[in-house]
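So that the names make sense, note that chain A is the first sequence line, chain B the second, and so on, each numbered from 1.
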Protein chains: 2
Amino acid sequence: MVHRRDAAATREAILRAGVEAFTRSGYDGVGVREIAASAGVTAMLVNRYFGSKEGLFAEVVDVSVAERTVLGSDPRTLARDIASALVRRTAPEADTLDPFLLALRSAANPRAAEILRAGIEKHVEKHAVEVSRAPRPNVAIALALINGFWLMRKVIGSTALNEADEPTLAETLEQLFQILLDTPRVPLSAVGALAGRRELGKTR
Amino acid sequence: MVHRRDAAATREAILRAGVEAFTRSGYDGVGVREIAASAGVTAMLVNRYFGSKEGLFAEVVDVSVAERTVLGSDPRTLARDIASALVRRTAPEADTLDPFLLALRSAANPRAAEILRAGIEKHVEKHAVEVSRAPRPNVAIALALINGFWLMRKVIGSTALNEADEPTLAETLEQLFQILLDTPRVPLSAVGALAGRRELGKTR
DNA sequence: CGCTAATGTCTACACCCGTAGACTTGAGCA
DNA sequence: TGCTCAAGTCTACGGGTGTAGACATTAGCG
């Protein structure tokens, strides 16, 4: 039987409303009253369960960053997995609820940015580095490429990216990720193909 | 003779304070009182000269995107030029006054975003430049990498990027840009070095 | 049933915001 | 010298913010 007073469910509802609201409007763009209302409760309950608006935001960042990861796949196919997932998720018809938007729209507030930084780094530290033996700055650059691609395709709406052939797009990205993540035993032929895929059919 | 009451100079001071404040904190992150104070006047004078906060923001966007430096360069060194400029301009100690930051930090507010979009398109239309003969999607991906790198390093403040060795960072980025922009006559040695620069030393 | 503690609401406070309108000040000119 | 009007300030208003503390409600249990 479903209780009308269910603390766990209420907490979950607030959290989900927070994810939706913060992603849509950014940290400063939404008030706790609005979040609470869309969860069907009062503003004070937000503080009751999450301590403060910042506390809720921190947890929103945590679940947002955590639940959308492609990592954990086979290191040998990591670059391809990331590339194809990125192209698929940034397709024009995909839903717009994404941690990248959360970061983009909340980054203006220094306190929110600090929470974001901590949440992202915690995630990077936890999952990314242990999957790939790549140097940490390279992992960060890969993340930058992901975010930038997201920005151009989904926020700016770059026609060059939206009208491009998606498999080709994914292939190009895969090559970049492969370099950054330094996938073990990259076939040399692939490396050559990537540098001059029109001219280098013959190895000297 | 310098008048203590100089309308043009006062207007200029407010505008420059606006550029600084909006770029640093975003549209919602700063109030007209703060902008006015840092220009040495009262909040109401902002409205007197610019009509409203939005009016000031529109003019700030206008001058910010107008004075953006154009990147023209030898195609053979384009990748390196972009990479080094990117690393240099996103250094932690670099001044943070950039139209990209202005856009990023203000994009959360829909009204500000609309003003931004209008201002950017007005100037893009005026200064559209052909950068490279590379496939257009690749140029867009390069732009995505630039923007993402900027986001991660300057806005989020990724420690992995800020603590990394800058020459190495620039080198990695250069390799990526070289692939994307398909610079003619890529030296094969550079391609090999890029694919496995730690493991492939045995061929020396 | 009656008690208790968890669950949720209400009121209030202190502060911020953008801006409208009345007011004061001073520079340039006759 | 006196006048005039632009330049700049002051006060205030209506509304929004996050959140602290007192209050009300209900579920679970003896």
Side-chain angles (χ1 to χ4, degrees), chain A residues 1-19 21-22 24-61 105-106 108-116, chain B residues 1-22 24-61 105-106 108-115:
Chain A
M1 176 175 182
V2 177
H3 304 146
R4 290 208 304 275
R5 293 195 161 197
D6 185 335
T10 303
R11 215 191 115 98
E12 188 75 15
I14 294 175
L15 189 58
R16 288 197 299 117
V19 169
F22 284 137
R24 177 174 33 79
S25 306
Y27 182 81
D28 283 329
V30 69
V32 290
R33 284 172 175 85
E34 186 181 338
I35 295 174
S38 93
V41 296
T42 319
M44 267 315 291
L45 256 197
V46 173
N47 280 18
R48 196 174 193 69
Y49 282 120
F50 298 91
S52 65
K53 185 187 183 182
E54 284 189 16
L56 171 61
F57 183 71
E59 205 146 328
V60 163
V61 169
R105 300 201 163 123
S106 300
N109 185 306
R111 326 243 309 151
E114 171 58 26
I115 296 172
L116 276 168
Chain B
M1 174 179 180
V2 177
H3 308 300
R4 289 208 306 276
R5 294 194 160 198
D6 187 333
T10 304
R11 214 192 116 98
E12 187 75 13
I14 295 175
L15 188 57
R16 287 196 298 120
V19 169
E20 200 281 333
F22 283 135
R24 177 175 35 79
S25 307
Y27 182 81
D28 283 330
V30 69
V32 292
R33 284 174 175 82
E34 186 180 338
I35 295 174
S38 92
V41 296
T42 320
M44 263 317 290
L45 217 54
V46 173
N47 279 18
R48 197 174 192 72
Y49 281 122
F50 298 92
S52 68
K53 186 186 184 183
E54 285 188 15
L56 171 62
F57 184 71
E59 205 146 328
V60 163
V61 169
R105 299 215 238 249
S106 300
N109 184 307
R111 324 243 309 151
E114 174 57 26
I115 295 173

Margin query: Rounding to an integer number of Å, can you tell me how far Phe57(A) CZ sits from dT17(D) C1'?
Written below: 17 Å

Residues 50-57 of chain B, side-chain donor-acceptor partners within the protein, below 3.5 Å, at least two apart:
residue	atom	partner	partner atom	Å
Ser52(B)	OG	Glu54(B)	N	3.4
Ser52(B)	OG	Gly55(B)	N	3.2
Lys53(B)	NZ	Tyr27(B)	O	2.9
Lys53(B)	NZ	Val30(B)	O	2.9
Glu54(B)	OE1	Arg111(B)	NH2	3.3
Glu54(B)	OE2	Arg111(B)	NE	2.8
Glu54(B)	OE2	Arg111(B)	NH2	2.8

Margin query: To the nearest 0.5 Å, what is the distance between CD1 on Ile35(B) and CG on Leu45(B)?
Written below: 13.0 Å

Next item on the list: Round to the nearest Å and state the distance from Arg11(B) atom CZ to dA6(D) atom P.
Entry: 17 Å

Item checked: Nearest non-hydrogen partners of Ala17(A) and Ala39(A), listed with the distance -> CB-CB, 4.0 Å

Note to self: Just to be sure I understand the rule, does Tyr49(A) reach a base, reach only the sugar-phosphate, or reach nothing, if contact means heavy atoms closer than 4.0 Å?
What the structure shows: sugar-phosphate

Checklist line | Nearest-Å distance for atom pair CG/P, residues Leu56(A) and dT19(D) | finding: 10 Å

Margin query: Whole angstroms only, please: what is the CG-P distance between Leu45(A) and dT19(D)?
Written below: 14 Å

Margin query: Test: salt bridge (charged side-chain N to carboxylate O under 4.0 Å, His left out). Region: residues 8-21 of chain B. Which pairs qualify, not counting sequence neighbours?
Written below: Arg11(B)-Glu59(B), Glu20(B)-Arg24(B)

Note to self: So if I take every side-chain heavy atom of Val41(B) and compare against dT7(C), dC10(C), dT9(D), which nucleotide ends up nearest?
What the structure shows: dT9(D)

Next item on the list: Working to the nearest 0.5 Å, report the span between OG of Ser106(B) and CG of Asp28(B).
Entry: 8.0 Å

Margin query: So, OP1 or OP2 of dG8(D): does either fall under 4.0 Å of a side-chain N or O from Thr10(B)?
Written below: yes

Next item on the list: Give every residue pair that meets the side chain to side chain donor-acceptor pair (under 3.5 Å) criterion with at least one member in residues 31-51 of chain A, sequence neighbours excluded.
Entry: none

Next item on the list: Summarise how protein sits on nucleotides 14-20 of chain C as a single string, 5' to 3': B when a protein heavy atom is under 4.0 Å from the base, S for sugar-phosphate-only contact, - for no contact.
Entry: ---BBBB

